Participant: 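If you scroll down you'll find the structure; I have some questions about it.
Just so we're clear, the structure is a prediction, and the values are computed from it rather than from any experiment.
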Number of protein chains: 2
Amino acid sequence: MVGKKTSITSIAKHLGISTTTISFVLNGKAQEKRISDQLVKKVLDYVEEIDYKPNALARSLRTGKSNTIALIVEDISFPFFSAIAKEIEAKAYKSGYKIIYSSTENDTAKTEELIEIYQEKHVDGYIIVPPTGIQAKIVELCASGKPVVVLDRYLEGVQTDYVLVNNDESVYSATKYLIDQGYKNIAFITLNSLQSQMLDRLSGYEKAILDNNLTPIIQKLTPAGRLEREKELLSFLEKKCSSIEAIVFSTNYICVGGLKAIKQLGLRIPEDIAVVSFDDYELFEMYSPAITSIAQPIEAISENAINLLLSRLGKKASEVSQNPQKIILSTTFVPRDSCTK
Amino acid sequence: MVGKKTSITSIAKHLGISTTTISFVLNGKAQEKRISDQLVKKVLDYVEEIDYKPNALARSLRTGKSNTIALIVEDISFPFFSAIAKEIEAKAYKSGYKIIYSSTENDTAKTEELIEIYQEKHVDGYIIVPPTGIQAKIVELCASGKPVVVLDRYLEGVQTDYVLVNNDESVYSATKYLIDQGYKNIAFITLNSLQSQMLDRLSGYEKAILDNNLTPIIQKLTPAGRLEREKELLSFLEKKCSSIEAIVFSTNYICVGGLKAIKQLGLRIPEDIAVVSFDDYELFEMYSPAITSIAQPIEAISENAINLLLSRLGKKASEVSQNPQKIILSTTFVPRDSCTK
DNA sequence: TTGAAAGCGATACCAG
DNA sequence: CTGGTATCGCTTTCAA
């Protein structure tokens with residue numbers, strides 16, 4: 001414990017053998033290199049005895065592999081992302097990879113910095129939920145030869161692996177569902193954001209409305225803080241609630257704000273106003289009435305993302321960017337009581 | 001881009017100066033070492049031009065510092081932990097530290113492995129929400145000289161920094177609140193777990209009940225999976241609901257299961273049964289009726305934990321374990337409609 | 001003001 | 001079968 005700190009060299013000195021031999025033993029190459037059983041035992045016993053742990057930094061420096069994957073999401077405290085993080089972590093772990101994650105909060109500059117830090121740390125691959133405006137950096141990152149899987153959002157002009165859901169169609173059919181129930185004045189509430197998934201959801205809504213000769217009612221909230229958003233929501237609903245029969249929310253936390261506003265205005269769901277939200281949430285199942293939603297396939301998203309990445313990790317840099325995949329998964333429509341006429 | 005890969009040596013060669021000078025410039029020691037302005041500029045310009053990023057692995061290997069803190073929680077997909085993770089990450093980031101986190105799922109073996117991996121990676125400090133049975137490992141970890149802050153739970157016999165809440169008192173006064181409202185048959189539903197925070201919450205309940213000459217009704221669920229837990233909850237309530245007037249849940253996800261069971265049994269809250277839960281949750285605020293809860297001070301917990309750790313990080317190993325702190329924070333009782341008689 | 005060289009702790013090539 | 005040694009990329013005395 002004291003004296004010479006434990007390193008492969010100190011062990012070599014102590015046992016009177018070379019570092020090479022120890023390295024082979026510790027990396028399971030004893031068979032392959034035909035190290036004698038007794039030497040192997042001697043090494044393993046001593047390593048056990050002093051509880052030696054190889055220095056992963058030194059190893060990574062030498063091998064160029066860190067066995068670490070960076071997972072960059074919008075906000076780790078959103079249930080959607082933390083659920084994905086958990087799944088991906090578990091799966092990566094089984095393949096010997098550690099996940100190291102961070103939240104971008106949709107801040108492009110912060111994200112660029114994060115990517116740079118990870119590059120400096122030489123992580124082996126990236127799974128990224130990109131904020132807008134990050135295209136150039138991602139292109140650069142891909143060019144570095146490390147595999148990159150983009151999640152949740154599509155980036156125009158970035159050739160890499162994607163795992164997405166069919167936002168457009170999902171919202172189209174959810175809106176169609178409302179129309180089929182007999183609703184006519186259907187609003188869509190979203191963020192004023194250029195993120196592809198938001199735009200696709202909006203476009204799904206618009207198509208459904210136009211295909212059925214109805215009039216779109218679209219409200220785009222400032223992405224800002226929660227309180228501000230809720231104020232905006234309240235004043236929008238206050239003005240419009242008499243003319244709106246149903247609302248489609250583009251994501252779950254906006255819907256939660258909407259539910260608060262609806263309650264505050266004393267409106268009943270679904271009698272006064274019907275509600276559907278993108279991205280299911282435990283709260284929706286428990287709410288009275290239960291809120292109809294479009295559930296994303298969290299497990300499939302995670303699984304596809306990590307499998308895609310792992311499959312690239314074996315390859316050499318030149319092959320990494322071959323045949324980029326674009327995996328588009330289907331959501332599940334979960335009809336509940338918030339929109340039954 | 002091609003040819004010699006970017007390293008401090010290749011830059012040195014290209015510019016015809018020494019690596020030392022470059023290192024000084026890059027680490028802001030140019031003033032101190034009185035490097036000439038023109039040389040500084042030359043270096044910075046070239047570094048900018050080729051977009052050079054120092055290899056953090058090599059740097060850490062040399063300096064023994066990784067500027068990384070390990071955050072080990074029970075489950076990153078629990079709102080409580082992901083909220084803490086987010087706060088801690090933000091604060092660490094401002095001090096130049098990266099957070100790297102994992103979930104233990106209360107699995108002791110997995111946690112030991114995690115700690116070992118982090119030791120190999122030479123992280124600078126640890127913030128840990130410990131599973132039971134991890135004492136020895138934590139003691140060993142502390143002995144390694146790296147600062148360790150334990151969160152949420154107390155470990156008997158482990159001398160280190162703690163950030164906890166007053167579980168005992170919080171539940172005592174919540175139970176007392178129910179008693180003061182006139183409830184007599186008050187049950188406590190918890191996990192069958194030896195985690196200190198769970199035991200303390202239980203003991204707070206028991207004290208309040210005994211102090212008021214009532215009879216404790218305690219149900220300990222198997223920690224197993226969610227579905228199984230919900231089944232247990234349902235069958236417990238089915239049997240006991242006629243005799244129970246109020247329930248205190250030891251944590252939010254058990255309460256959610258309880259709410260499902262209560263609804264399924266057609267019981268009304270608070271008329272048939274009153275409800276209080278430890279650990280507030282957005283769902284409780286939105287539920288009908290809104291659920292009374294004991295809110296933990298997430299921001300204060302995070303802030304104290306990271307500040308404590310940062311304050312130790314400056315010190316040398318021998319001083320790290322001096323004067324271990326035990327910070328106990330107060331919760332906030334949030335009375336809502338689920339227990340008004 | 002700047003540079004040479006040692007060394008952090010592992011791996012991997014080449015010998016023998 | 002095992003060992004010597006260069007090397008990964010950087011920091012940091014010590015000298016000049």
Participant: What's the CD-C1' distance between A:Gln38 and D:dT2, to the nearest Å?
Facilitator: 13 Å
Participant: So where does chain B start and stop touching DNA chain C, 5' to 3', when the test is distance under 4.0 Å to a non-hydrogen atom?
Facilitator: C:dT1 to C:dG9
Participant: Going from CD1 on B:Ile72 to CD1 on B:Ile128, what distance comes out if it is rounded to the nearest 0.5 angstrom?
Facilitator: 4.5 Å
Participant: Figure out the CZ/C1' separation between A:Arg62 and D:dA6, and round it to whole Å.
Facilitator: 8 Å
Participant: Please give, in whole Å, the distance from D:dC10 C1' to A:Lys121 NZ?
Facilitator: 15 Å
Participant: Just to be sure I understand the rule, does B:Thr20 reach a base, reach only the sugar-phosphate, or reach nothing, if contact means heavy atoms closer than 4.0 Å?
Facilitator: base
Participant: Measure the distance from CG on B:Asn27 to P on D:dT11 and round it to the nearest whole Å.
Facilitator: 5 Å
Participant: What does A:Leu57 touch in the nucleic acid at a heavy-atom separation under 4.0 angstrom: a base, only the sugar-phosphate, or nothing?
Facilitator: nothing
Participant: Between A:Ala109 and A:Asp107, which heavy-atom pair has the shortest distance, and what is it?
Facilitator: N-OD1, 3.0 Å
Participant: Nearest heavy atom decides the nucleotide; on that basis, is B:His122 or B:Ser36 closer to the 5' end of DNA chain C?
Facilitator: B:Ser36
Participant: Base, sugar-phosphate, or nothing for A:Lys29, non-hydrogen atoms under 4.0 angstrom?
Facilitator: sugar-phosphate
Participant: On the nucleotide D:dG3, are OP1 or OP2 found under 4.0 Å from the side-chain N or O atoms that A:Ser18 carries?
Facilitator: yes
Participant: Under 4.0 Å between a side-chain nitrogen and a carboxylate oxygen: does that hold for A:Arg153 and A:Glu74?
Facilitator: yes
Participant: Return the minimal non-hydrogen interatomic distance between A:Val129 and A:Val73, and the atom names on each side.
Facilitator: CB-CA, 3.9 Å
Participant: Can a donor-acceptor pair under 3.5 Å be found between the side-chain atoms of B:Arg59 and the base atoms of D:dT11?
Facilitator: no
Participant: Can you classify the ring geometry of B:His14 versus B:Tyr46 as parallel (below 30°), tilted (30 to 60°) or perpendicular (above 60°)?
Facilitator: parallel
Participant: Atom CD1 of A:Ile35 and atom P of D:dT2: how far apart are they, to the nearest Å?
Facilitator: 5 Å
Participant: Specify the residue among B:Ile17 and A:Asn55 whose closest nucleotide of DNA chain C lies further upstream toward the 5′ end.
Facilitator: B:Ile17
Participant: Measure CD1/B:Ile8 against P/D:dC10 and give the value in whole Å, please.
Facilitator: 5 Å
Participant: Measure the distance from CD on B:Glu32 to C1' on D:dT11 and round it to the nearest whole Å.
Facilitator: 13 Å
Participant: Any chance you could measure B:His122, atom NE2, to B:Lys146, atom NZ, to the nearest 0.5 Å?
Facilitator: 7.0 Å
Participant: B:Lys13 NZ to D:dG9 P: how many Å, rounded?
Facilitator: 11 Å
Participant: For a quick check of understanding: with a heavy-atom distance under 4.0 Å over all strands, which category does A:Thr63 fall into, base, sugar-phosphate or nothing?
Facilitator: sugar-phosphate
Participant: Are more than 12 heavy atoms, taken from residues, nucleotides or ligands other than B:Glu105, located less than 6.0 Å from that residue's CD atom?
Facilitator: yes
Participant: I'd like to know if A:Thr19 reaches the base of D:dG4 with its side chain such that a donor and an acceptor end up less than 3.5 angstrom apart.
Facilitator: no
